[in-house]
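All chains are named by letter (A, B, ...) in the order of the sequence lines, taking the proteins before the strands, and each is independently numbered beginning at 1.
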Amino acid sequence: MAAEKEQISVKLPDGSVKTLPAGSTGADLANAISPSLAKAAVGTVINGKLSDLYAKISDGDEVRILTTKDPLSLELLRHSSAHVMAQAVQRLYPQAKIAMGPTTEDGFYYDFEIPNYKLVPEDLEKIEEEMKKICQSGQKLVRYVIPDVDKQISEFKEQGEKFKAELLEEHRNARPTLYLMQDKEGKTIWNDLCKGPHLPSTDLIKAFKLRKLSGAYWRADEEKEQLQRVYATSFWTQKDLDDYLYRIAEAEKRDHRRLSKQLDLFSLHEETGPGLVFWHPNLAAVRGVIEDFWRDEHRKRNYQFVYTPHVVSEELFAISGHLENYGENMFAPMDIDGQNYRVKPMNCPGHIMIYKSKPHSYRDLPIRLAELGTVYRYERSGTLHGMLRVRAFTQDDTHIFCTPEQLEGEILGVLDLTKVLMSAFGYTYKAYLSTRPEKYIGTIEQWDKVTNDLKSALEKVGLAYDIEEGGGTFYAPKIDIKLFDAIGREWQCPTIQVDMNLPERFDITYIGEDGNRHRTVMIHRAILGSLERFCGGLIEHYAGAFPLWLAPTQLMIIPIAERHHEKAHELEKKLRELTFRVKMDDRSETINYRIREAQQDQIPYMLVIGDKEMSSDSVAVRHRRQGDLGIMPIDQFIDRIKDEVAKRTPDKTSK
RNA sequence: GCCGGUGUAGCUCAGUGGUAGAGCAACGGUUUUGUAAACCGUAGGUCGCGGGUUCAAAUCCCAUCACCGGCUCCA
């Protein structure tokens, strides 16, 4: 064995090389670079791996010193915060056993089993108080490689920490580590089985908030122990935490359920059953505009519209395999003349019946069948959520039947349509390509061909995508597209799947150039997805302020006094004949009051008519965001809004 | 489905064992208004539903329904 080097050299992010004594840690490196860096350092990234500040560095490592400026450092902060929380909970509830406590996208949680006690929201404050004490006491977090795993397991078992014992058993061959939390004297007061990494000390944790309680199962398995989960988050500064909480509050203000009450958009009723949406006139108007737009864009691309029954014999879903594979998500059968019928959970089998109703030549293809088809799915009661997760919804479903040679071109067409539709609503998006999973049907060659076609189409349109290896369903590779809304939240909406299953099950074919029968290729695609979900998402995206082309009421006419009513009615009639959605507020309320109300109803334009306007055939225009735009001739205003609607102009928010 | 929380007037909420309240909305009247709330008055509730405890229940207990948060992010 070669003698240990006395000096090691490490590479820094700027490319420079630093030489240090062997056995140095990230902290030593930080010290060697500059005292201010040493002070700000909270961890390291060694060869791309997030590590402790006190992790030993080896010769040739690439090392980056992590400070609180680096977003990656939040990972350390939150992971350590989770340990502080777990310790606090065990201090307050000594019978509590700890399970897992990972970080999440914007915080962390920890799962506990607390015999004979159920945490209530008031307890969160107590736990926060206890956490403050732990943080202020400046406990050290020390990595400790377990020398004798069996001994540690029995120790966990003695302490009743059965979850930790189970986890350690599982990781026994992976150099398992504990993180010890030590007081100023170096005495260990708490430990947790954890692979780390962690902050060096708890006094770095200064701003945290316990947010909510929930239930969770050990290892997410309903058969296993029910645990109590505490969700929390932490940030380096109180300001960052406050900003985060503010953003949460802002997002809550956009909640489509809340806005629905304000703007009279939709309702759900206990009497009619959960997860079933009633569209009120306002939101129905928005949906109508979207559907018209959707139809126009599909016509341009030579799609054909169809309608299929909502209730059909169960036989159809036996052939499609839905009964077998999707049965638990379907509504129960109903007996019609001794035969089981079902409400449809999907539109595809119906579209296949149309395709199958006659033989097809390759010359007929591609055939693109489109339907705004309402489907019914049984969703577990706890998962229902406003319009976003419901039990009956209308999908903008289309099925493209084509030859293998046409596949790539069809995908290109769908991606193009996606771009047109999504950009109209001001969404940006990103694609995810899901490839063959472990359990699949068909041949590897088929999968490879189809997956390559998808890939190639994505590349041709220049759409950035991530690959989700093995993420496809058993019958199809797919492209999923995630939208980013106005406040940066992600929404899964468009999806394109190339089905290897149904064409076989229904034995759909076409006659090729060679006179032989060939298997038809079938693409499922939804762009808006569920209209319920899409419209729910739009409400939040626009915070209830739909742009002019979508707004339920586009124009509100406000006559100043009774002598202006007649003129106002004339204008209302004129605008309505031009198919604008217009209302008039001729109540005997003050102008201020009526403006305020129209403004709160998010009506894009308010048209005030008084003496000045009467005499000049003009209107005083107020925009809900830009305020008073002054008086303009009526015809000029009409041109303006016609143009805005035609271009689907997003709302200017310059005020 | 499971865990925790919530359910009072159309909406937002107060009321925690002793005669159901407020603001806004609605309705009636006065006011005829120039760019985000005029004034006065009236009406509106089996306190989610069902059972129980009690002299007495919105309030305590049980059951049930609906809604809200969560149940994927791996020692």
Side-chain angles (χ1 to χ4, degrees), chain A residues 79 82-83 98-109 111 118-124 146 152 156 161 163-172 174-179 191-196 211-231 252 255 257-258 260-262 264 267-275 328 378-386 556 558-565 586-601 606-613 620-624 627-631:
Chain A
H79 203 167
H83 281 214
I98 55 179
M100 281 193 216
T103 57
T104 62
E105 207 171 296
D106 49 10
F108 60 92
Y109 66 79
D111 288 343
K118 277 173 183 163
L119 292 171
V120 294
E122 293 74 58
D123 293 332
L124 296 183
I146 299 169
Q152 186 62 48
F156 277 143
E161 296 287 3
F163 305 111
K164 290 293 163 189
E166 187 181 322
L167 290 169
L168 180 51
E169 185 60 54
E170 217 167 284
H171 293 276
R172 63 182 310 138
R175 282 178 61 79
T177 51
L178 296 181
Y179 270 77
N191 75 70
D192 190 358
L193 176 71
C194 180
K195 72 176 171 190
R211 300 202 52 236
K212 49 201 169 195
L213 291 166
S214 87
Y217 298 98
W218 172 234
R219 321 223 92 177
D221 183 343
E222 297 183 13
E223 306 290 311
K224 300 211 163 103
E225 289 90 338
Q226 172 86 45
L227 306 172
Q228 302 188 56
R229 176 171 297 180
V230 183
Y231 280 92
E252 274 167 18
D255 190 303
R257 295 163 301 188
R258 174 198 184 104
S260 170
K261 278 185 182 159
Q262 260 171 43
D264 194 13
S267 56
L268 300 155
H269 304 271
E270 199 166 335
E271 305 89 301
T272 56
E328 31 182 79
Y378 174 76
E379 297 280 356
R380 299 205 295 179
S381 61
T383 62
L384 300 174
H385 182 95
M556 177 64 83
I558 303 174
I560 293 202
E562 263 168 22
R563 63 182 178 281
H564 311 120
H565 283 194
D586 58 3
R587 293 175 301 173
S588 76
E589 299 287 353
T590 59
I591 292 297
N592 279 341
Y593 183 86
R594 286 178 284 163
I595 294 262
R596 175 185 152 87
E597 206 158 85
Q599 193 81 46
Q600 285 180 331
D601 288 344
M606 287 145 271
L607 307 176
V608 178
I609 295 190
D611 292 334
K612 280 179 273 179
E613 293 77 16
V621 179
R622 180 189 167 92
H623 184 269
R624 66 181 165 200
D628 193 349
L629 301 178
I631 295 175

> Is Glu169(A) salt-bridged to Arg172(A), going by a charged N under 4.0 Å from an acidic O?
Replying inline: yes
> Hey, does His564(A) reach any base, or is it just sugar-phosphate, or nothing, if we go heavy atoms under 4.0 Å?
Replying inline: nothing
> Quantified in whole Å, what is the C1' atom distance between nucleotide U53(B) and nucleotide C61(B)?
Replying inline: 7 Å
> Within the structure shown, what part of the strands sits under 4.0 Å from Glu613(A) by heavy-atom distance: base, sugar-phosphate, or nothing?
Replying inline: base
> Would Asp611(A) and Arg563(A) pass as an ion pair if we require N to O under 4.0 Å?
Replying inline: yes
> Applying a 3.5 Å limit to both distances, which nucleotide forms a Watson-Crick or G-U wobble pair with U54(B)?
Replying inline: none
>> Taking the C1' atom in each of A14(B) and A9(B), what is the distance between them to the nearest angstrom?
In response: 13 Å
> Mind checking what makes side chain to side chain contact (heavy atoms under 4.5 Å, CB included) contact with Thr272(A), not counting sequence neighbours?
Replying inline: His269(A), Phe278(A)
> What residues, two or more places apart in sequence or in another chain, satisfy side chain to side chain contact (heavy atoms under 4.5 Å, CB included) together with Leu384(A)?
Replying inline: Pro274(A), Glu379(A), Arg391(A)
>> Just to be sure I understand the rule, does Glu589(A) reach a base, reach only the sugar-phosphate, or reach nothing, if contact means heavy atoms closer than 4.0 Å?
In response: base
> With sequence neighbours left out, what residues match Ala220(A) under side chain to side chain contact (heavy atoms under 4.5 Å, CB included)?
Replying inline: none
>> Distance check, C1' atoms only: G17(B) and A43(B), in whole angstrom units.
In response: 30 Å
> Hey, does Ala598(A) reach any base, or is it just sugar-phosphate, or nothing, if we go heavy atoms under 4.0 Å?
Replying inline: nothing
> Taking the same atom, P, in A66(B) and in C27(B), what whole-Å distance lies between them?
Replying inline: 34 Å
>> Heavy atoms only, 4.0 Å cut-off, all strands: where does Thr103(A) land among base, sugar-phosphate and nothing?
In response: nothing
> Using a cut-off of 4.0 Å on non-hydrogen atoms, how would the nucleic acid contact of Arg380(A) be classed: base, sugar-phosphate, or nothing?
Replying inline: base
>> Return the pairing partner of G4(B) with a 3.5 Å limit on both distances, Watson-Crick or G-U wobble; otherwise return none.
In response: C68(B)
> On a whole-Å scale, what distance lies between the P atoms belonging to U35(B) and G15(B)?
Replying inline: 41 Å
> Of all residues at least two apart in sequence or in a different chain, which pass the side chain to side chain contact (heavy atoms under 4.5 Å, CB included) check with Arg211(A)?
Replying inline: Lys209(A), Thr233(A), Tyr244(A), Leu245(A), Ile248(A)
>> Over all strands shown, is Ile591(A) touching base, sugar-phosphate only, or nothing at heavy-atom distances under 4.0 angstrom?
In response: sugar-phosphate
> Using a cut-off of 4.0 Å on non-hydrogen atoms, how would the nucleic acid contact of Gln599(A) be classed: base, sugar-phosphate, or nothing?
Replying inline: base
> If pairing requires Watson-Crick or G-U wobble contacts with both distances under 3.5 Å, which nucleotide is the partner of A63(B)?
Replying inline: none
>> Taking pairing as Watson-Crick or G-U wobble with both contacts under 3.5 Å, can you name the mate of C39(B), or confirm there isn't one?
In response: G29(B)
> What integer number of Å spans the P atoms of U12(B) and U19(B)?
Replying inline: 27 Å
>> Once you apply a heavy-atom cut-off of 4.0 Å, does Pro274(A) come out as touching a base, just sugar-phosphate, or nothing?
In response: sugar-phosphate
> C1' atom, G7(B) versus U46(B): distance in rounded Å?
Replying inline: 16 Å
> Residues in side chain to side chain donor-acceptor pair (under 3.5 Å) with His79(A), at least two apart?
Replying inline: none
>> Using a 4.0 Å cut-off to any heavy atom of chain A, which nucleotides of RNA chain B are the first and last in contact, reading 5' to 3'?
In response: G1(B) to A75(B)
> With Asp111(A), which of Arg229(A), Gln228(A), Arg219(A) fulfils side chain to side chain donor-acceptor pair (under 3.5 Å)?
Replying inline: Arg229(A)
> With rounding to whole Å, what would you report as the distance between C73(B) and A20(B) at their C1' atoms?
Replying inline: 48 Å
>> Here's a test of your reading of the structure: between His171(A) and Val621(A), which maps to the more 5' nucleotide of RNA chain B?
In response: Val621(A)
> Are Lys224(A) and Asp221(A) ion-paired here, with the side-chain N under 4.0 Å from a carboxylate O?
Replying inline: yes
> With both distances under 3.5 angstrom, what nucleotide forms a Watson-Crick or G-U wobble pair with G10(B)?
Replying inline: C24(B)
> According to the Watson-Crick and G-U wobble definitions, with both distances under 3.5 Å, which nucleotide is paired to G45(B)?
Replying inline: none
> With sugar-phosphate meaning primed atoms plus P, OP1 and OP2, does Lys212(A) contact a base, only sugar-phosphate, or nothing at under 4.0 Å between heavy atoms?
Replying inline: sugar-phosphate
>> Any base atoms under 4.0 Å from Arg211(A), or only sugar-phosphate, or nothing? Heavy atoms, all strands.
In response: nothing
> What does Lys164(A) touch in the nucleic acid at a heavy-atom separation under 4.0 angstrom: a base, only the sugar-phosphate, or nothing?
Replying inline: sugar-phosphate
> Hey, does Gly386(A) reach any base, or is it just sugar-phosphate, or nothing, if we go heavy atoms under 4.0 Å?
Replying inline: sugar-phosphate
